[in-house]
Amino acid sequence: MFHHLFGSTTSSPAKTNRLHLRLLLLLLQPKRLSHSQPNKTSSSLQSEDPLFIAQLILNDNTKALALTLEKCSGVHWSTHLVDAVLKRLWNHGPKALRFFESLDRHPTYQHSTSTFDYAIDIAGRLRDYKTLWTLLSRMRRRRLGPTPKTFAIITERYVAAGKADRSVKIFLSMHEHGCPQDLSSFNMFLDVLCKSKRVEMAHSLFKVFNRRFRADTITYNIIANGWCLIKRTPKALETLKEMVERGLTPSLATYNILLKGFFRAGQLKEAWQFFTQMKKRGCELDVITYTTVVHGFGVAGEVEKARRVFRGMIGEGCLPSVATYNALVQVLCKKDNVENALAVFDEMAKKGYVPNATTYTVIIRGLCHAGEMDRAMEFMERMKDDDQCEPNVQTYNVVIRYLCDAGELEKGLDVFGKMGGGACLPNLDTYNILIGAMFVRKRSDDLLVAGRLLMEMVDKGFIPRKFTFNRVLNGLLLTGNQGFAKEILRVQSRLRRLPREFKL
DNA sequence: TTAGGGTTAG
């Protein structure tokens with residue numbers, strides 16, 4: 001009789017309700033899932049729901065996740081399922097790694113390349129380099145890699161942790177780990193450096209190796225984009241010139257990169273000239289070009305110009321995408337009026353476009369910004385009812401931030417506690433927003449909450465900034481919570497001194 | 001995950 005609740009094709013109850021029901025059933029009838037049901041039935045049904053499994057893992061407090069694996073005894077583990085579960089557990093690294101590890105001893109299932117990549121990425125985010133390299137050599141022993149993508153992940157994590165020099169060494173030695181160094185891995189690494197704003201470093205590396213790797217259009221685009229990201233459009237133009245001199249043909253992506261670069265650097269006149277030149281010279285503009293221009297003019301406050309380009313694009317043979325609508329909606333929220341943004345939201349739905357999480361989030365932010373907290377909350381409920389898209393962590397962060405700013409700390413904490421009925425895990429920003437909010441009322445109780453949040457985030461594998469630690473510590477000391485402060489100090493020094501590891 | 005467009009905000 002419960003089959004319809006466990007079925008993967010259920011259509012009527014909302015997603016979150018379904019989850020609650022499942023958890024409730026699990027609590028009421030633990031045997032039903034683990035023993036009394038024939039394996040076939042429970043496994044095929046459960047195995048289609050990574051959210052359900054992720055939830056079990058999060059609720060399991062045994063170190064080895066014994067409870068969860070027992071409950072999942074009938075599950076048919078597949079690469080797809082395991083990857084999806086790891087993705088769900090993204091913001092709870094230690095649990096994700098424990099899950100990976102316990103499945104590694106499974107009698108029939110074996111991790112694949114993509115799963116190792118996920119685990120390595122998570123270990124890197126935790127700055128648990130020992131585990132990262134252990135996983136890498138295990139991956140190699142099993143002949144599952146490492147691949148260039150694995151190294152893109154590893155170097156990205158090192159750069160993000162402020163270890164760009166180390167990442168260069170890693171890139172230069174990747175062949176020693178059994179991974180070929182080719183143009184694609186070179187491009188990927190340059191992109192990692194550029195996206196982390198280490199453009200000078202990327203450029204030096206590019207100068208040294210571009211002949212050896214036979215740099216192509218993509219390589220030049222990556223470097224040009226890097227210069228644009230740090231608003232140095234003259235250097236981007238230089239790169240463009242150099243690529244032409246080398247006999248490489250710039251692509252539409254190249255022009256779109258430059259165009260975006262002008263907007264980012266506040267060079268509106270240049271952007272407009274560049275855009276018109278692209279058209280004049282018979283360049284076939286695409287939806288990305290138009291989206292760039294709509295967004296660029298809009299955020300610069302030129303709302304009418306943005307609207308005109310938006311209206312004109314169809315006549316010029318290019319249909320807007322959801323992203324184009326999102327750009328316009330955001331611009332109207334920021335520089336015009338949230339009611340006009342809502343009108344565009346309705347218009348896009350009428351034309352058959354399906355709003356995505358970004359669309360909703362942008363509108364919700366617009367409403368919050370206009371001080372319409374109640375309507376923003378209503379809109380989030382509407383989003384939850386939309387089967388096509390659930391609120392994500394960004395959505396929650398916006399709502400929590402504005403609730404806290406409005407002095408509604410309790411409401412903010414309430415939303416935090418309920419995040420997607422557990423379907424959405426808070427990230428580093430969420431914790432920073434909430435902890436920051438605990439200082440505005442200067443109440444001793446709030447600081448205790450801040451302390452608990454800090455402990456919780458460390459437990460989930462996030463690394464708080466020194467600033468956050470100091471702030472919370474000072475607050476606790478000033479409000480006479482010496483004991484708690486000492487506890488937090490211990491956590492801080494443990495984080496600083498010991499390499500993080502999760503004992504594989 | 002080899003390049004380009006929408007989500008933070010003061």
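Chain naming here is simple, since letters A, B, ... match the order of the sequence lines and numbering starts at 1 in each. Basis for what follows: all heavy atoms, side chains included, without hydrogens, waters or symmetry-related copies. From a predicted model like this one, the values you see are computed outputs, not experimental measurements.
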Enquirer: Can you tell me if N225(A) touches the phosphate of dG4(B), counting only side-chain N or O atoms and a distance under 4.0 Å to OP1 or OP2?
Expert: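 Checking N225(A) against dG4(B): at least one side-chain N or O falls below 4.0 Å of OP1 or OP2.
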Enquirer: Tell me if the CG atom of D374(A) is crowded by more than 12 foreign heavy atoms within 6.0 Å.
Expert: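 Not more than 12 within 6.0 Å, no.
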Enquirer: Would you kindly give the CG-to-P distance between D83(A) and dT1(B), to the nearest whole Å?
Expert: 11 Å
Enquirer: Just by distance, no angles: are the side chains of T254(A) and S251(A) close enough, under 3.5 Å, to form a donor-acceptor pair?
Expert: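 Side-chain D/A pair, T254(A) to S251(A): present.
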Enquirer: Look at R401(A) and dT8(B) and indicate whether a side-chain polar atom (N or O) is within less than 4.0 Å of OP1 or OP2.
Expert: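 Looking at the OP1 and OP2 atoms of dT8(B), neither is under 4.0 Å from any side-chain N or O of R401(A).
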Enquirer: Grab the CH2-C1' distance between W227(A) and dA3(B) for me, whole Å please.
Expert: 17 Å
Enquirer: Among dT7(B), dG5(B), dG4(B), which nucleotide sits nearest the side chain of A323(A)?
Expert: dG5(B)
Enquirer: Could you check N225(A), L237(A), N221(A) and say which one makes a side chain to side chain contact (heavy atoms under 4.5 Å, CB included) with L258(A)?
Expert: L237(A)
Enquirer: Of all the choices, dT1(B), dT7(B), dG10(B), which nucleotide is nearest to the side chain of A152(A) once you look at every atom?
Expert: dT1(B)
Enquirer: Does the dG5(B) base have a donor-acceptor partner in the side chain of S321(A) within less than 3.5 Å?
Expert: yes
Enquirer: Scan side-chain atoms only and decide if T430(A) and N427(A) contain a donor-acceptor pair under the 3.5 Å cut-off.
Expert: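 Yes, a side-chain donor-acceptor pair sits under 3.5 Å.
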Enquirer: Does NZ belonging to K418(A) count more than 12 external heavy atoms closer than 6.0 Å?
Expert: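 12 or below, so no.
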Enquirer: Decide if atom CD of E347(A) counts as having more than 12 heavy atoms of other residues, nucleotides or ligands within a radius under 6.0 Å.
Expert: yes
Enquirer: With R382(A) as the cation and F379(A) as the aromatic partner, state whether NZ or CZ is under 6.0 Å from the six-membered ring centre and within 45° of the axis.
Expert: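 The answer is yes; both the distance and angle limits are met.
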Enquirer: Can you tell me the distance, in whole Å, between the CZ atom of F189(A) and the P atom of dT2(B)?
Expert: 16 Å
Enquirer: Below 4.0 angstrom, which residues in residues 325-341 of chain A have at least one non-hydrogen atom near DNA chain B?
Expert: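 Those residues are N326(A), Q330(A).
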Enquirer: Under 4.0 Å from any atom of DNA chain B, heavy atoms only: list the residues of residues 251-271 of chain A that qualify, in numerical order.
Expert: S251(A), L252(A), A253(A), N256(A), I257(A), K260(A)
Enquirer: Let me know the distance between CD1 of I364(A) and C1' of dA9(B), rounded to the nearest Å.
Expert: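 Taking CD1 of I364(A) and C1' of dA9(B), I get 18 Å after rounding.
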Enquirer: Between C1' on dG5(B) and CE on M313(A), what's the gap in Å once rounded to a whole number?
Expert: 10 Å
Enquirer: Tell me which residues in residues 284-300 of chain A put a heavy atom below 4.0 Å from DNA chain B, sorted by number, or none.
Expert: D286(A), V287(A), I288(A), T291(A), T292(A), H295(A)
Enquirer: Identify whether any heavy atom of I218(A) sits under 4.0 Å from a base atom; if not, whether one sits that close to sugar-phosphate; answer base, sugar-phosphate or nothing.
Expert: base
Enquirer: Could you tell me whether the phosphate oxygens of dA9(B), OP1 or OP2, come under 4.0 Å of any side-chain nitrogen or oxygen in Y402(A)?
Expert: yes
Enquirer: Under 4.0 Å between any heavy atoms, over every strand shown, what does S185(A) touch: base, sugar-phosphate, or nothing? Just pick one.
Expert: nothing
Enquirer: Going by atom types alone, do T147(A) and T150(A) pair a side-chain donor with an acceptor below 3.5 Å?
Expert: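 Yes - a donor-acceptor pair under 3.5 Å links their side chains.
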Enquirer: Measure the distance from CG on L240(A) to C1' on dA3(B) and round it to the nearest whole Å.
Expert: 14 Å
Enquirer: Rounded to whole angstrom units, what separation is found between the CZ atom of R125(A) and the C1' atom of dT1(B)?
Expert: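 Rounding to the nearest Å, CZ of R125(A) and C1' of dT1(B) are 16 Å apart.
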Enquirer: Indicate syn or anti for dG6(B), taking the glycosidic torsion and treating anything within 90° of 0 as syn.
Expert: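 It is syn.
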Enquirer: Please give, in whole Å, the distance from dG4(B) C1' to D191(A) CG?
Expert: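 Roughly 11 Å, once rounded to whole Å.
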Enquirer: With a 3.5 Å cut-off and no angle check, do the side chains of N392(A) and T395(A) form a donor-acceptor pair?
Expert: yes
Enquirer: Verify whether one side chain among T324(A) and S321(A) offers a donor that lies under 3.5 Å from an acceptor in the other.
Expert: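 A pair is found: one side chain offers a donor N or O, the other an acceptor, under 3.5 Å apart.
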Enquirer: Are a donor atom and an acceptor atom from the side chains of R125(A) and N91(A) found within less than 3.5 Å of each other?
Expert: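 N91(A) and R125(A) do have a side-chain donor-acceptor pair below 3.5 Å.
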Enquirer: Have N356(A) and N326(A) got a donor and an acceptor in their side chains that come within less than 3.5 Å?
Expert: yes
